[in-house]
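Working notes, beginning with the structure itself.
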Amino acid sequence: MNVNELPPRDLWEVARRLKHDEPLDAGDSRWVDTSPGRILGHERLYRSLGVDARTWTLRIDRARHCSLFSGHRGTGKSTELRRVAAQLHGPDLFRVVFMDALREPAGGGRLQTHDISLGLSRRLFIELEQEGLSLAGDGTRALEAWFRNQPHQPPARAGSAPSEARLGGNGTHGVGPILDDWIAWNRSGIAGREAVAAAFSDGFDGFADAFNRVLAMARRRLKEEGMGRDLLFVLDGIDRLDGEDGRSFFGGQNHPLRRMDGIFVHCAPVQPIRPPGGVQPLFDHVVRLAPLTLHEKFDPGSPSLPVRLQGLIAGQRRAPSQPRFELGPIPIPAAHDAMRRMILQRAPARFFDPDPVETGDWTLLDRLVGASGGHPRDLMRLLDHAFGHATRERFDGEAVTEAIRSLAGEYRRILEPDDYRLLAEIDRGGVRCTPHGEATSRLLSNLALLEYDGDWWQSHPVIRTLPAYRAALEKVPAAG
């Protein structure tokens, strides 16, 4: 059993397990079904891939397909992608090749587009080797030639024969050692990364053609050996492409994976999916994993809400049988309950004062849930902050209050003065108030602005506790 699945012995062990950036593997007992609070979109994804989820068989063969799994950072895309990969792996479905671009050793430093091409190639050959399938010879000759014909070559590594000595001939060694040399070059420093990036940028058409030959043979061999009806790549971490690489990868007609004859499901950040210039028409299917919808959109400037705003900080009490949500209208109980369970899977009830299971008082957990805005990673961040402020071996009201203040402070440090007015205008503007532009793209990216199922936006709850936001809210008239 995974040690993280055993009950924690004390609050220190709870804190040690609050690793915000580590996704849960398929089958991890800490996973919580969040479908009561949001659309997971798995079944529609499966249908787009030609999979009948009733019989778990592949009913439609696709020559090529590219689906996006998009959403805010921290909404659980990586965890859900791992579940998708596990569900679709099997002889009647796919031989799944899973790659986490952030953990793949092909790159070094900031993730760039060429890192994905190198990592994808390396991961495919490793997986085929594990299956005992060799594509050496005709299957890899074109790819070997592409690497050999590049005007600049990686330097020979100590203890390793030069790449040229392993190319050509009968292809006994295959392309694996060549990839090793190029990956080592890519990780050797700035000059190496720039040289490898230039080779892929200038010659990507040739690389794609050669890699497509590898893909065609791999798909045929896997099917012949009964290892899957087809080959499926599930790629995580690609949403971390930033700057020009991210815009080029997600926003252009020359999306690299669209030029490969394969079947791909990969993650994407939330903002490139938004119009204008959105990329949704370029892809066969898009899943958007939103934060959990804890309530419908509301106007935080409503006269009935200031007391609730203060309540988030002050921790006012209410009937324990009702979910506590100070920053909005009547909560959606099923969504609220899913996030309560996310907390309890990591911090059992006995670590809260009062214990919600023994007393029926869920105030502390509901304050954390409400302050998270339905965002799973921010829920974990709040727990982490609460641990930092805890003065004894249990989470109490003071620790939760300080946790909310701490998270609000983190957002305050990344916001510009004009951001508060824009957020207040969106909050007061109704469900159709989604003004697209550079400013809102930035706010969506840094989680100050959250997008929910139904395509409505609302500011992060902890931001609504900040004096600068409340001052901006007073100056924005209510929607007509």
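Position 1 is the first residue of the sequence; numbering continues from there. Keep in mind that this is a model prediction, so the values were computed, not measured. All values below come from the heavy atoms of this structure, side chains included, with hydrogens, waters and symmetry mates left out.
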Would you please indicate if the ring centroids of [X] and [Y] are separated by under 6.0 Å?
X: Tyr469; Y: Tyr420; value: no
X: Phe233; Y: Phe264; value: yes
X: Tyr452; Y: Trp457; value: no

Report task. Apply salt bridge (charged side-chain N to carboxylate O under 4.0 Å, His left out) to Arg83 and Asp25, showing your working. Result -> CA-CA 7 Å; Arg83 294 184 63 239; Asp25 291 328; over 6 Å; no

When you check the side-chain N and O atoms of [X] and [Y], is any donor under 3.5 Å from an acceptor?
X: Asp236; Y: His266; answer: no
X: Thr293; Y: His295; answer: no
X: His385; Y: Glu410; answer: yes
X: Arg229; Y: Thr57; answer: no

Give a yes or no on this: more than 12 heavy atoms of other residues, nucleotides or ligands lie within 6.0 Å of atom [atom1] of [X].
X: Asp418; atom1: CG; result: no
X: Glu393; atom1: CD; result: yes
X: Leu11; atom1: CG; result: yes
X: Trp56; atom1: CH2; result: yes
X: Gln130; atom1: CD; result: yes
X: Arg62; atom1: CZ; result: yes
X: Glu398; atom1: CD; result: no

Query - Chi angles and distances behind the side chain to side chain contact (heavy atoms under 4.5 Å, CB included) call for Met339, Leu294 - result: CA-CA 9 Å; Met339 296 208 78; Leu294 300 173; 4.1 Å; yes

Quick check: do [X] and [Y] have side-chain heavy atoms less than 4.5 Å from each other?
X: Ser70; Y: Val286; value: yes
X: Ile343; Y: Leu368; value: yes
X: Arg341; Y: Asp337; value: yes
X: Glu225; Y: Glu131; value: no
X: Arg340; Y: Asp366; value: yes

Requested in this report: Check each of Asp419, Asn446, Asp378, Thr465 against Tyr411 using the side chain to side chain donor-acceptor pair (under 3.5 Å) test, and report the only one that passes.
Outcome: Asp378

Is a side-chain donor or acceptor of [X] paired with a backbone partner of [Y] at a separation under 3.5 angstrom?
X: Thr75; Y: His375; answer: no
X: Arg394; Y: Pro354; answer: no
X: Ser441; Y: Glu438; answer: no
X: Asp427; Y: Ser459; answer: yes
X: His285; Y: Ser48; answer: no
X: Lys223; Y: Gly228; answer: no
X: Arg288; Y: Asp453; answer: no
X: His72; Y: Leu444; answer: yes
X: Arg219; Y: Ala63; answer: yes
X: Lys77; Y: Gly71; answer: yes

Requested in this report: Verify side chain to side chain contact (heavy atoms under 4.5 Å, CB included) between Leu235 and Val265, making sure each step is shown before the conclusion.
Outcome: CA-CA 6 Å; Leu235 310 179; Val265 176; over 6 Å; no

Please name the pair of heavy atoms, one in [X] and one in [Y], separated by the smallest distance, quoted to 0.1 Å.
X: Ala218; Y: Leu128; result: CB-CD1, 4.2 Å
X: Cys267; Y: Gly237; result: SG-N, 3.2 Å
X: Pro376; Y: Gly374; result: CD-O, 3.3 Å
X: Glu80; Y: Trp31; result: OE2-NE1, 3.0 Å
X: Leu58; Y: Leu49; result: CD1-O, 3.5 Å
X: Ser406; Y: His389; result: OG-NE2, 2.8 Å

Please round to the nearest 0.5 Å and tell me the distance separating atom [atom1] of [X] and atom [atom2] of [Y].
X: Asp230; Y: His65; atom1: CG; atom2: NE2; value: 11.5 Å
X: Gln458; Y: Glu451; atom1: CD; atom2: CD; value: 13.0 Å
X: Leu364; Y: Asp353; atom1: CG; atom2: CG; value: 7.5 Å
X: Ile116; Y: Leu257; atom1: CD1; atom2: CG; value: 7.0 Å
X: Leu18; Y: Arg377; atom1: CG; atom2: CZ; value: 13.0 Å
X: Leu292; Y: Ile39; atom1: CG; atom2: CD1; value: 11.5 Å

Pair [X] + [Y]: basic N to acidic O under 4.0 Å:
X: Glu127; Y: Arg95; answer: yes
X: Asp355; Y: Arg350; answer: no
X: Arg470; Y: Glu474; answer: no

Query raised in the report: Under the criterion side-chain contact (heavy atoms from CB on, under 4.5 Å), which of Glu13, Arg346, Arg16 is the partner of Pro8?
Result: Glu13

Report task. Take Gln112 and Asp115, measure what side chain to side chain contact (heavy atoms under 4.5 Å, CB included) needs, and give me the verdict at the end. Result -> CA-CA 5 Å; Gln112 295 178 269; Asp115 296 324; 3.7 Å; yes

Report task. Please lay out, stage by stage, how Arg73 and Ser445 fare under the test side chain to side chain donor-acceptor pair (under 3.5 Å). Result -> CA-CA 8 Å; Arg73 290 178 292 108; Ser445 179; 4.9 Å; no

Report task. For Asp52 and Tyr46, run side chain to side chain contact (heavy atoms under 4.5 Å, CB included): C-alpha distance rounded to whole Å, both residues' side-chain angles, the deciding distance at 0.1 Å, then the answer. Result -> CA-CA 7 Å; Asp52 185 344; Tyr46 297 153; over 6 Å; no

